[in-house]
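For reference, the structure is listed below as structure tokens.
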Amino acid sequence: MTSDSRISRRVFLARSAGLTLTLGAGSIWYPESARAARNPYTRGAWLAGDHHIHTRFSGDGLYNIEEQVAHAAKYGLGWCVITDHGGVHHDKIALNQAYPELVEARKKHPEILVFQGVEWNVPAAEHASVILPPTDNEAQLISDFEAHFDRNNISLHATPPDSEADAIAGIKYLQSLNPKPLFMANHPARNGVDSPHEMRGWADAGPDVVRGFEGAPGHQAATMTGRHRGDYDNDGGSDAFPGYPKESYRTWGGYDWYVTTIGGLWDSLLGEGRPWYITCDSDSHRHWDDRRLIDESTYETKGYATVLDKLAEKNIYQDFYPGEYSKTWVHAEQRSHHAVLEALRHGHMFTVLGGLVDRCELFAHTKSRSAPMGDTLKLERRGEEVIVNIRVRVPKGTNFGGIVPRLHHLDIIAGDILGLTSDRNLMTNPTTKLVAQLDIADAGRDGEYITFEHKFSNVQKSFYVRVRGTNTDVDAPRMDLPDAKPWEDLWFYSNPVMIEVV
């Protein structure tokens, strides 16, 4: 597609979106110094991280905690979360064996913020990262939570084990804690067992705790060893939500179908005005290029998997190291555990694969106010003009795949905020549209940043806006085939800015 044809398509999309959304789309404008001064990202710190990392204390993991933290630091992360699998024995293992290693890893690697967490086996559902703020009793809290609410550790459950009620009870427990932990659903589309009504129920039970799901799952190296990208190779079993179509069980450009479908499940949740955000991470167990075999049976006797003195004949694993391929970049008030956790809680972050960009500053403003990703811009009156600014930075060097990323285009996506729905399994938002597709050739420049502005005139309805970008020339992500090459198909997705008409 030539630059001229893309300009024509951009204008068409903008005009049609103005009619459909009644937002009144405008043209693309380049930043003026006065508008650039309203950038809410001028203070604070950008820190990349990963909230889904396994170690030998998961049973199917290979590395000790310090090794994984060292990997995370090596590949440019500023924060990480150790989330070994919950289970029958893990509540005691986490407290007595794993936690001392985590404390030592913090001391050895002060350059990275290390969180205590767990990958919760959510009753009647998939998995979720539960992230705790550092406290004197963080390990005891995780141990108690697992003992009472992990579906694989049912001895202390007060509700029917492996039931939706059990999951709600666990989330209410997390909501009761102070300071508040965080819950992010992991690989939600992989097996189709996280239904839309469960997600809404979780959010209602834990409004300060439940804040979204992985937009791009881990296991992104799976196709390099003969698997489906993200290890998404199922078609939905008897326990899957029947409303999910067959195509939802595959990744699309490395991301979940829930996220890549414009007007799909993510947009349905945003259309209710819910603070529902996306992340991406490694789900790192064993690096795809590491052929060492492990003995999982020692988890039962020693509390951890052990490395065998032999190698696999070929590469059989499916993971990148933490930070090597997937990053969730948060914009925190400062470099601290508390600030990073609150940035995650409030959606101040974007997700990226393969180092395509290392900054994405999306914000909306009027003449007097501005709001970044995750925040709400409240208009003083109906009919105001809203300017959306996008500033992205593409790294100059090679990524960890040995490739120099080249950003090809960005998409601006917007949808109406319609209010809470009575259909708890709703998974569409028909108002969500691709508003404009922006060719990098049309971008402005501000130092190292590529810049765009988009104008929504005469705003009459509350809406949200989000962006995505890619190094490919396709208009939308495509379903990943078994031979997908993860380093050649790169995307980034922002979280939304909400615009509220009072």
Side-chain angles (χ1 to χ4, degrees), residues 41 43-58 61-84 93-119 129-143 177 179-182 184 218 279-285 287 304 319-346 348-352 355 358-359 393 395 397 399-400:
Y41 298 98
R43 298 181 180 179
W46 281 105
L47 296 167
D50 186 326
H51 71 73
H52 190 178
I53 300 171
H54 294 271
T55 74
R56 61 179 180 153
F57 294 111
S58 281
L62 175 59
Y63 312 106
N64 64 43
I65 292 176
E66 191 277 327
E67 284 179 295
Q68 285 290 57
V69 171
H71 292 148
K74 174 183 176 181
Y75 289 103
L77 298 189
W79 60 273
C80 69
V81 189
I82 302 301
T83 53
D84 284 310
I93 294 169
L95 181 62
N96 300 320
Q97 294 177 257
Y99 185 64
E101 273 198 20
L102 186 145
V103 172
E104 286 303 309
R106 283 175 173 166
K107 293 178 181 177
K108 191 169 183 179
H109 296 279
E111 72 275 18
I112 184 170
L113 302 170
V114 182
F115 288 87
Q116 170 71 63
V118 66
E119 183 166 32
S129 288
V130 175
I131 311 167
L132 264 68
T135 60
D136 292 339
N137 63 339
E138 57 187 336
Q140 186 66 58
L141 287 174
I142 280 290
S143 180
L177 298 179
K180 304 292 184 190
L182 190 66
M184 300 296 292
T279 60
C280 69
D281 48 60
S282 64
D283 197 357
S284 178
H285 290 67
H287 193 267
Y304 54 86
D319 300 333
F320 290 109
Y321 289 124
E324 183 182 7
Y325 186 75
S326 304
K327 285 184 170 72
T328 297
W329 281 93
V330 302
H331 186 255
E333 290 185 358
Q334 59 185 353
R335 184 190 176 278
S336 72
H337 287 86
H338 172 77
V340 168
L341 194 63
E342 290 310 298
L344 287 165
R345 193 185 315 279
H346 294 289
H348 300 163
M349 69 265 193
F350 69 91
T351 66
V352 61
D358 63 7
R359 293 291 185 274
R393 190 175 75 179
N399 58 21
F400 294 115

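One-based numbering along the sequence shown. Since we're looking at a predicted model, the values are computed, not measured.
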(request) Taking the six-membered ring for Trp and the full ring for Phe, Tyr or His, determine whether the centres of His285 and His54 are under 6.0 Å apart. (result) yes
Arg393 meets the salt bridge (charged side-chain N to carboxylate O under 4.0 Å, His left out) criterion, sequence neighbours left out, with Asp358, Glu448
Rounded to the nearest 0.5 angstrom, the CG-OH distance for Asn399 and Tyr75 is 11.5 Å
(Q) Can you confirm whether or not the ring centre of Tyr325 sits under 6.0 Å from the ring centre of Phe400? (A) no
When rounded to the nearest 0.5 Å, the distance separating CH2 of Trp329 from SG of Cys280 is 11.5 Å
Quick check: are there more than 12 heavy atoms from other residues, nucleotides or ligands sitting under 6.0 Å from NZ of Lys180? yes
Residues pairing under salt bridge (Lys or Arg N to Asp or Glu O under 4.0 Å) where one sits in residues 49-58, two or more places apart or in two chains, turn out to be Arg56-Glu101
Between Ala73 and Ile112, the two heavy atoms sitting closest are N-CD1, 4.0 Å
When you compare the side chain of His51 with that of Met184, does any pair of heavy atoms fall below 4.5 Å? yes
Q. Does any N or O in the side chain of His331 come within less than 3.5 Å of the main-chain N or O of Phe350, such that one atom is a donor and the other an acceptor?
A. no
The side chain to side chain contact (heavy atoms under 4.5 Å, CB included) partners of Glu104 (sequence neighbours excluded) come to Lys107
Of all heavy-atom pairs linking Ala343 and Ala332, the shortest is CB-CA, 4.1 Å
Applying side chain to side chain donor-acceptor pair (under 3.5 Å) to Ser284 and not counting sequence neighbours gives Gln68
Tell me whether Arg106 is salt-bridged to Glu138, with the criterion being a basic N under 4.0 Å from an acidic carboxylate O.
yes
Of all heavy-atom pairs linking Pro322 and Ser282, the shortest is CA-OG, 3.8 Å
Value for CG (Leu341) from CZ (Phe115), rounded to nearest 0.5 Å, stands at 5.5 Å
(request) Describe, in one word, how the ring planes of His287 and Tyr321 are oriented to each other, choosing from parallel (under 30°), tilted (30 to 60°) and perpendicular (over 60°). (result) parallel
**Prompt:** Do the ring planes of Tyr41 and Trp46 sit parallel (below 30°), tilted (30 to 60°) or perpendicular (above 60°)?
**Reply:** parallel
Thr55 side chain near Asn64 side chain, heavy-atom distance below 4.5 Å: no
Distance col, row Lys74:NZ vs His109:NE2, nearest 0.5 angstrom, shows 12.0 Å
Nearest heavy-atom approach of His52 to Thr83 is CA-OG1, 3.3 Å
| said: Can you confirm whether Leu102 sits close enough to Val114 that some side-chain heavy atom of one is under 4.5 Å from a side-chain heavy atom of the other? | reply: yes
For Met349 and Leu344, the nearest pair of non-hydrogen atoms, with its separation, is CE-O, 3.6 Å
**Request:** Check whether any side-chain heavy atom of Asp281 lies under 4.5 Å from a side-chain heavy atom of Ser326, and answer yes or no.
**Result:** no
Separation between CG (Leu47) and CG (Leu77), nearest 0.5 Å, reads 10.0 Å
Look only at the side chain of Ser129 and the backbone of Glu119, and say whether a donor-acceptor pair between them is shorter than 3.5 Å.
no
Given Phe57 and Ile65, is the side-chain contact (heavy atoms from CB on, under 4.5 Å) satisfied, shown in steps? CA-CA 8 Å; Phe57 294 111; Ile65 292 176; 4.1 Å; yes
Leu141 meets the side chain to side chain contact (heavy atoms under 4.5 Å, CB included) criterion, sequence neighbours left out, with Leu132, Thr135, Asn137, Tyr173, Leu177
For residues 319-342, the salt bridge (Lys or Arg N to Asp or Glu O under 4.0 Å) pairs (sequence neighbours left out) are Glu342-Arg345
One should read off an interatomic distance between Ile82 CD1 and Gln116 CD, to the nearest 0.5 angstrom, of 8.5 Å
Closest heavy-atom pair, Ala139 versus Tyr99, reported as atoms and distance to 0.1 Å, is CB-CG, 3.4 Å
